[in-house]
Protein chains: 2
Amino acid sequence: MTSAGAAGRAPRGRIPEPTVARLPVYRRLLASLVAGRIRTVSSTELAAAAGVNAATLRRDLSHLGTYGTPGTGYDVVRLGEMVDRALALGRDWPIVIAGAGNLGRALARSRGFTTGGFRVVALVDVDPGQVGRTIEGVPIAHVEQLAELVVREGVALGVVATPASAAADVARRLADAGVRAILNFAPAVVPSPGGVLVRSVDLAAELQVLTFHLARARGEGASLGEEPPAGGTADRPQ
Amino acid sequence: MTSAGAAGRAPRGRIPEPTVARLPVYRRLLASLVAGRIRTVSSTELAAAAGVNAATLRRDLSHLGTYGTPGTGYDVVRLGEMVDRALALGRDWPIVIAGAGNLGRALARSRGFTTGGFRVVALVDVDPGQVGRTIEGVPIAHVEQLAELVVREGVALGVVATPASAAADVARRLADAGVRAILNFAPAVVPSPGGVLVRSVDLAAELQVLTFHLARARGEGASLGEEPPAGGTADRPQ
DNA sequence: GCATGTGAACACATTCACAGCA
DNA sequence: TGCTGTGAATGTGTTCACATGC
């Protein structure tokens, strides 16, 4: 065992994916506690704010190798640093966005893409009418300049905000250029080019999940439109 | 048991959440098969295109009460209709978007929000400078007009694209106005107002999940920066 | 022979409940 | 006493493997 110094206990093994997905939420909450000069927080409080079970929160933090104090809680600043370290934040993460359409331009301006170390260094597009313009100071380059750009700026993260028809091709270009992870917003299944990490966000799908649940709540969907006229209350209180 | 007519078998019980999240992907793939005049597809083929295991796909479809043909596969048109029905698509879904900033405007123009029955009837904002303008024909109204708008247009879906500080308040307004489900893009935990369904998409969090995995792939994150120089190959072949 | 639908096994994540410590 | 960290129980989803049917 390595010496467990004052900086925290060594974490164990891999971190479950659902835990990873919750870390950014904890991070945000911890940041606002720091801003509010709160020094300490219990798992019950933080879990309530995050909308998760307290045991789940403690389990999540235990994966990071936390050092909460029984009877007191967690040190807000320390915990925030641990979460940041787990997420590999607190360093520079240059990003290139492929596709300078509505979504690409909006993402280039969004706070989430321009804070916490993230920095949009360029957009790329195929449209010559776009190339050369800037969005909030960020230049739009031609897609042919991608490779040079990625190397020069040390870009590791690529964002795909093109039409679905172009997504797979541009993902391959990004991977070839040296990008190591891709966030895809195009409504297409993007095969991981060369083992590059791909994560997709499908805006239409999110809406469709909602309509699914709305129909369910109404008692539809169970059959082909024939449904015993529901006895009033819906099944799920939540 | 109800008579299992030609339209499909009756589905059983509730549908698991991960299955629901995959249905939109299947839907998209089926639509392109229809466009390509393909009549039939096997679970193996469709699963490969969707990037999931074939058994998972069959299990997913079985929740819908499918009627595939052993030895042949699924009828593309029929299956597409079943997925659409499960997602409650093929009807009109008016949407209101709260927040006419970069993201709200981009969403109002995005295809995912304007096809498949979805229709953005209005954006609302607090900024008087925005009110009265239109985005691609969609009017920007004042947030005070929300209630009237929701009732008049029969809006069931609300989208929150405001700063985090306004998200909870605007979600409450949407719920009070009669919206039954909310898609939240603000980086905030939005408590479900009055039992309304809330689903959140956090753009910054998506990037952070990627940086987590990039650091992991490099062998970081396991300790506090001290790491046995990895023996060459990474753990995960994928 | 080939592909569906599903019982059973497995893998994983969540939650309970409590020992242990401040 | 209060709260953490975690073994054990539970709940949930995925995958295998095959009986069934075309």
Side-chain angles (χ1 to χ4, degrees), chain A residues 1 4 6 8-23 25-26 30 33 38-76 78-79 82-83 86 209 236 238, chain B residues 1 4 6 8-23 25-26 30 33 38-76 78-79 82-83 86 209 236 238:
Chain A
M1 278 284 163
R9 185 182 319 177
R12 305 194 330 253
R14 70 174 256 290
I15 300 182
E17 200 56 35
T19 295
V20 175
R22 285 187 292 265
L23 292 181
V25 178
Y26 304 152
L30 288 166
L33 290 176
I38 311 288
R39 312 291 290 216
T40 288
V41 68
S42 72
S43 64
T44 311
E45 293 162 344
L46 192 53
V52 304
N53 182 288
T56 298
L57 172 65
R58 289 199 300 275
R59 179 80 63 189
D60 284 346
L61 298 186
S62 79
H63 290 297
L64 305 187
T66 52
Y67 231 144
T69 310
T72 305
Y74 299 90
D75 181 288
V76 167
R78 170 102 76 94
L79 186 54
M82 300 191 88
V83 173
V209 170
R236 297 227 149 215
Q238 166 80 333
Chain B
M1 277 286 164
R9 186 183 319 177
R12 307 195 326 256
R14 73 175 252 291
I15 301 183
E17 199 56 33
T19 296
V20 175
R22 285 188 291 266
L23 292 181
V25 178
Y26 303 154
L30 289 166
L33 290 175
I38 311 288
R39 312 292 289 218
T40 287
V41 68
S42 71
S43 64
T44 312
E45 293 161 345
L46 193 53
V52 303
N53 181 288
T56 298
L57 172 66
R58 290 200 299 276
R59 178 80 61 188
D60 285 346
L61 299 185
S62 79
H63 289 298
L64 305 186
T66 52
Y67 232 144
T69 310
T72 304
Y74 300 90
D75 181 288
V76 168
R78 170 101 76 94
L79 187 53
M82 300 191 88
V83 173
V209 170
R236 297 231 149 210
Q238 168 77 336

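First the proteins, then the strands, lettered A, B, ... as listed; each starts at 1. Remember, it's a predicted structure, so these values are computed and weren't measured experimentally.
Comparing dA3(C), dG2(D), dT15(D) by their nearest atom to the side chain of P70(A) picks out dG2(D). When distances are taken from the side chain of S62(A) to each of dA17(D), dT6(D), dT4(C), the shortest belongs to dT6(D). You'll find that the side chain of R58(B) is closest to dC18(D), out of dC18(D), dC22(D), dG2(D).
Rounded to a whole Å, the CZ atom of R78(A) is 14 Å from the P atom of dT4(D). Straight-line distance from the CG atom of N53(B) to the P atom of dA17(D): 12 Å, rounded to whole Å.
No hydrogens or angles were tested; on distance alone, nothing pairs the side chain of R59(A) with the base of dT6(D) as donor and acceptor under 3.5 Å.
The side chain of T66(B) places an N or O atom within less than 4.0 Å of a non-bridging phosphate oxygen (OP1 or OP2) of dG5(C). Residue R14(A) places no side-chain N or O under 4.0 Å from the OP1 or OP2 atom of dC12(C). Distances shorter than 4.0 Å separate none of the side-chain N or O atoms of T72(A) from OP1 or OP2 on dC3(D).
With a 4.5 Å cut-off on side-chain heavy atoms, D75(A) and T40(A) do not count as touching. Here the side chains of Y74(B) and S43(B) are in contact, with some heavy-atom distance below 4.5 Å.
In this structure, the separation between OG1 on T56(A) and CZ on R22(A) is 6.0 Å, given to the nearest 0.5 Å.
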TODO: Go through L64(B) and L23(B) one step at a time and tell me if the side-chain contact (heavy atoms from CB on, under 4.5 Å) criterion holds.
DONE: CA-CA 10 Å; L64(B) 305 186; L23(B) 292 181; 4.1 Å; yes

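Nucleic acid contact class of S43(A) (heavy atoms, under 4.0 Å, all strands): sugar-phosphate only.
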